[in-house]
2 protein chains.
Amino acid sequence: MATTIRSVAAAAGVSVATASRALSGSPAVVDSTRRRVIQAAIALDYTPSRLARSLVTGSTGNVGVILPDITNPFYTSFLAGLEAALGAQDIGVLIGDSGENPDRENRLVRRMSTQVDGLVLASSRLSDEQIVAATSRRPVVLANRMLETSEELPKRLGQVVIDVHPGFTAAVNHLSSLGHRQLTYVDGPAQSWSGRQKRIALTLACSALGLPLRIRSTTRADFGAGRTAGRQVAAEAAQDGTTAVIAFNDQMALGVLAGLREAGKDVPGDLSLVGCDDSLEDGLAWPALTTVGSSARALGELAAHKILNPMGQEAGLIPTALIVRDSTERARSDRGAPVA
Amino acid sequence: MATTIRSVAAAAGVSVATASRALSGSPAVVDSTRRRVIQAAIALDYTPSRLARSLVTGSTGNVGVILPDITNPFYTSFLAGLEAALGAQDIGVLIGDSGENPDRENRLVRRMSTQVDGLVLASSRLSDEQIVAATSRRPVVLANRMLETSEELPKRLGQVVIDVHPGFTAAVNHLSSLGHRQLTYVDGPAQSWSGRQKRIALTLACSALGLPLRIRSTTRADFGAGRTAGRQVAAEAAQDGTTAVIAFNDQMALGVLAGLREAGKDVPGDLSLVGCDDSLEDGLAWPALTTVGSSARALGELAAHKILNPMGQEAGLIPTALIVRDSTERARSDRGAPVA
DNA sequence: ATGAAAGCGCTAACAC
DNA sequence: GTGTTAGCGCTTTCAT
């Protein structure tokens with residue numbers, strides 16, 4: 001079989017304990033011995049069994065990440081940030097795709113729990129109770145979601161979220177200043193915690209300006225759902241007066257763009273469009289998409305940090321800011337008027 | 001600490017051995033006993049330690065996947081397919097992003113090797129020798145890459161690839177039939193095995209038709225590199241007569257599209273454009289991208305299958321086919337002529 | 001049908 | 001500074 005620490009010890013002529021010490025850099029081993037052990041280890045191409053080590057130390061050097069859809073660029077960036085931060089510390093990453101399904105998510109939690117030091121749940125679809133329960137297995141970090149139960153937070157729970165308020169407020173102000181008087185928000189799935197934050201931020205910002213807000217819900221946060229919504233928006237824009245739409249995320253915004261186009265509407269000529277996440281490279285969309293930018297990657301890095309040093313109960317926050325590009329324009333009704 | 005099998009055994013009033021047998025469904029345990037054990041396990045919310053189990057059985061129930069860039073939709077789909085297929089069998093997935101870096105890839109192989117039953121290397125940047133070496137640690141499945149050494153394949157190596165020939169040949173024929181006489185191929189990174197396959201397929205198809213092919217190499221397979229290439233193509237199109245470009249993948253095609261646009265070129269009016277992978281939902285790009293379609297997801301599923309049942313030395317093949325959409329059009333020089 | 005005991009590969013007291 | 005020993009939680013002979 002594979003070479004074990006025993007063969008290394010034998011080859012170096014020392015006991016297993018000494019070999020272990022030498023390899024793990026314990027100071028309690030004289031240099032000459034260490035050299036011999038290391039030499040033997042190299043010669044035998046020895047790689048310590050993480051399994052055995054974990055079993056005895058109680059720490060696995062792995063963390064588990066569960067997300068609703070690996071395919072979504074937001075989670076993909078999140079994962080990239082997380083993996084990079086963790087990998088730099090030589091921590092392994094176990095992933096699971098819950099497919100937005102709470103049962104599957106729970107199974108993943110169970111399956112992973114015995115082989116990771118902590119769990120990162122991104123946009124978890126679990127109930128608050130289930131999340132608290134998971135906490136008793138392993139420390140968990142909730143990403144892009146916060147518990148809403150008023151009781152105090154479980155000790156082993158961390159939270160990292162994106163603060164959508166500044167970005168969404170800026171988006172509304174931006175559109176308003178361009179003369180848009182009726183906004184439509186194309187939301188993501190109803191269970192989404194971040195969707196709710198976005199609705200709240202928009203509602204607040206709109207009512208501060210006395211602007212009406214139309215909210216359209218969807219079942220998935222992807223291109224297809226956006227496209228359907230886009231077609232509907234186009235069909236009803238004449239009646240409801242919508243001249244600007246804000247989407248739950250960039251994928252959906254792309255869909256809205258496609259749907260609008262198919263209905264013969266021009267962006268930004270007929271309607272302005274704002275996405276969210278800044279997950280598309282500038283210029284990838286045409287016209288380049290104005291978006292509420294935030295860094296999913298930074299969120300992933302923050303989650304990694306939080307799972308590594310669980311100190312502090314306050315939620316980690318990633319800011320947002322509006323990134324104005326070419327998909328928003330002065331409202332038609334407002335054109336010809338002097339530009340600010 | 002967590003509840004172990006010992007507590008379960010105690011609660012059920014049986015020995016650890018019996019508890020183990022009962023839980024793992026051994027027939028050698030009478031039903032009444034099994035019921036008691038299972039009940040106790042449920043009552044204690046027992047989850048067996050995968051670590052301990054792995055240590056004794058020698059099988060971990062995990063596989064490791066290493067890919068060059070988690071952020072790339074191609075790998076993302078690949079990963080989704082792999083994870084779905086493996087997860088259905090209750091197999092865990094450890095991921096690592098090599099960042100196109102062979103050293104990092106090798107470190108990941110090492111790190112994972114002791115906690116997985118097999119390794120899937122997607123578009124590996126390792127040398128053939130290094131791959132063969134990895135084989136001695138764990139069974140490996142190479143995805144989107146094949147060994148080129150003429151010697152016989154290592155016993156524990158599987159290969160799954162995309163057969164680019166039909167799709168790329170069709171692309172060339174398609175463009176040729178539209179009257180395009182000078183094609184440019186915007187390639188991916190030089191180390192890419194699949195890039196080479198694409199070059200070969202294109203060269204073959206072009207020479208069969210007597211068409212010249214211009215090849216442009218890049219260092220990364222992303223949007224930015226594509227955009228740069230697009231600008232260059234636009235600048236030189238007048239001299240070299242290029243009227244159609246084929247890109248290494250859809251991301252790059254999107255970049256080429258952006259670069260072309262920035263240079264004032266219209267697609268498909270001035271130049272036709274073909275992508276590869278069909279990783280963009282239809283309509284996501286504007287104009288909708290003609291592309292050499294293949295299923296990265298299917299490749300992932302095939303890789304999962306291959307790592308699970310390592311029988312057979314023949315490489316698994318995923319076919320490609322041309323998907324014609326709106327980014328390709330009759331060459332300007334050819335317009336007005338009767339359409340076939 | 002069940003229990004006792006060995007041992008997977010490793011680390012961590014505890015001796016010397 | 002190094003060796004001996006005891007386990008981490010589990011599965012698996014081998015007895016009974």
Side-chain angles (χ1 to χ4, degrees), chain A residues 1-38 40-41 44-62 90 110-117 137-138, chain B residues 1-38 40-41 44-62 90 110-117 137-138:
Chain A
M1 283 298 274
T3 90
T4 82
I5 201 174
R6 210 175 338 273
S7 6
V8 174
V14 297
S15 74
V16 199
T18 302
S20 171
R21 282 191 277 253
L23 293 170
S24 59
S26 154
V29 57
V30 82
D31 247 30
S32 64
T33 311
R34 158 162 304 126
R35 229 185 305 281
R36 256 186 312 142
V37 172
I38 292 185
L44 296 173
D45 191 27
Y46 168 71
T47 310
S49 160
R50 279 210 160 202
L51 254 45
R53 188 204 300 265
S54 304
L55 191 56
V56 51
T57 62
S59 136
T60 63
N62 290 148
D90 212 48
R110 266 192 105 86
R111 166 140 63 68
M112 289 181 176
S113 64
T114 63
Q115 42 185 351
V116 299
D117 296 334
R137 297 182 176 281
R138 291 289 158 195
Chain B
M1 282 300 274
T3 89
T4 81
I5 200 174
R6 210 175 338 272
S7 6
V8 174
V14 297
S15 74
V16 201
T18 302
S20 172
R21 282 190 277 254
L23 292 170
S24 59
S26 153
V29 58
V30 81
D31 247 29
S32 64
T33 311
R34 158 163 302 124
R35 229 185 304 282
R36 256 184 314 138
V37 172
I38 291 185
L44 295 174
D45 191 28
Y46 169 71
T47 309
S49 160
R50 280 208 159 202
L51 254 44
R53 190 204 299 265
S54 304
L55 192 55
V56 51
T57 61
S59 135
T60 64
N62 290 148
D90 211 47
R110 268 192 103 86
R111 166 138 63 67
M112 289 180 176
S113 63
T114 63
Q115 41 185 351
V116 299
D117 296 334
R137 297 183 176 278
R138 292 290 157 194

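Chain A is the first sequence line, chain B the second, and so forth, proteins listed ahead of strands; every chain is numbered from 1.
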Rounded distance in Å - [atom1] ([X]) to [atom2] ([N]):
X        : N      : atom1 : atom2 : result
A/Leu55  : C/dG9  : CG    : P     : 12 Å
B/Arg6   : D/dT11 : CZ    : C1'   : 13 Å
A/Leu44  : C/dG9  : CG    : C1'   : 15 Å
B/Tyr46  : D/dT11 : OH    : P     : 6 Å
A/Leu23  : C/dG9  : CG    : P     : 16 Å
B/Leu51  : C/dT11 : CG    : C1'   : 14 Å
A/Gln115 : D/dG9  : CD    : C1'   : 14 Å

Can you find a heavy atom in the side chain of B/Ile38 that is under 4.5 Å from one in the side chain of B/Arg35?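 No - every pair of side-chain heavy atoms lies 4.5 Å or more apart.
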Check: B/Gln115 and A/Asn62 side chains under 4.5 Å, non-hydrogen atoms: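 Touching, per the 4.5 Å side-chain cut-off.
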For A/Asp90, is there an ion pair with B/Arg110 - N to carboxylate O distance below 4.0 angstrom?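 Not counted as a salt bridge, because no side-chain N and carboxylate O are separated by less than 4.0 Å.
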Within this structure, what is the CZ-CG distance for the pair A/Arg137 and B/Asp45, rounded to the nearest 0.5 Å?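 Reported to 0.5 Å precision, the distance equals 4.5 Å.
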Rounded to the nearest 0.5 Å, how far does CG of A/Leu44 lie from CD1 of A/Ile5?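 The CD1 atom of A/Ile5 sits 11.5 Å away from the CG atom of A/Leu44.
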Would you work out how much the helix from C/dA1-D/dT16 to C/dC16-D/dG1 bends between its ends, with each end axis defined by five base pairs, to 10 degrees?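 Its terminal axes enclose an angle near 40°.
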Tabulate atom names and distances for all N/O pairs under 3.5 angstrom spanning the protein and nucleotides 2-4 of chain D.
residue, atom, partner, partner atom, Å
D/dT2, OP1, A/Thr33, OG1, 2.5
D/dT2, OP2, A/Val30, N, 2.9
D/dT2, OP2, A/Thr33, OG1, 3.1
D/dG3, OP2, A/Ser15, N, 2.8
D/dG3, OP2, A/Ser15, OG, 3.1
D/dG3, OP2, A/Thr18, OG1, 2.6
D/dG3, N7, A/Arg21, NH2, 2.6
D/dG3, O6, A/Arg21, NH1, 3.1
D/dG3, O6, A/Arg21, NH2, 3.3

For B/Ser20, which contact category applies under a 4.0 Å heavy-atom criterion: base, sugar-phosphate, or nothing?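 Answer is base: heavy atoms of B/Ser20 come under 4.0 Å of a base.
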Are the side chain of A/Arg50 and the backbone N or O of A/Gly61 linked by a donor-acceptor pair below 3.5 Å?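 Confirmed, A/Arg50 side chain pairs with A/Gly61 backbone.
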Is a side-chain N or O of A/Arg138 found less than 3.5 angstrom from the main chain of A/Asp117, in a donor-acceptor match?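 Side chain of A/Arg138 to backbone of A/Asp117: no pair is present.
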Matching residue for A/Leu23 among A/Thr18, A/Val29, A/Val37 - test: side-chain contact (heavy atoms from CB on, under 4.5 Å):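 So the option named by the test is A/Val37.
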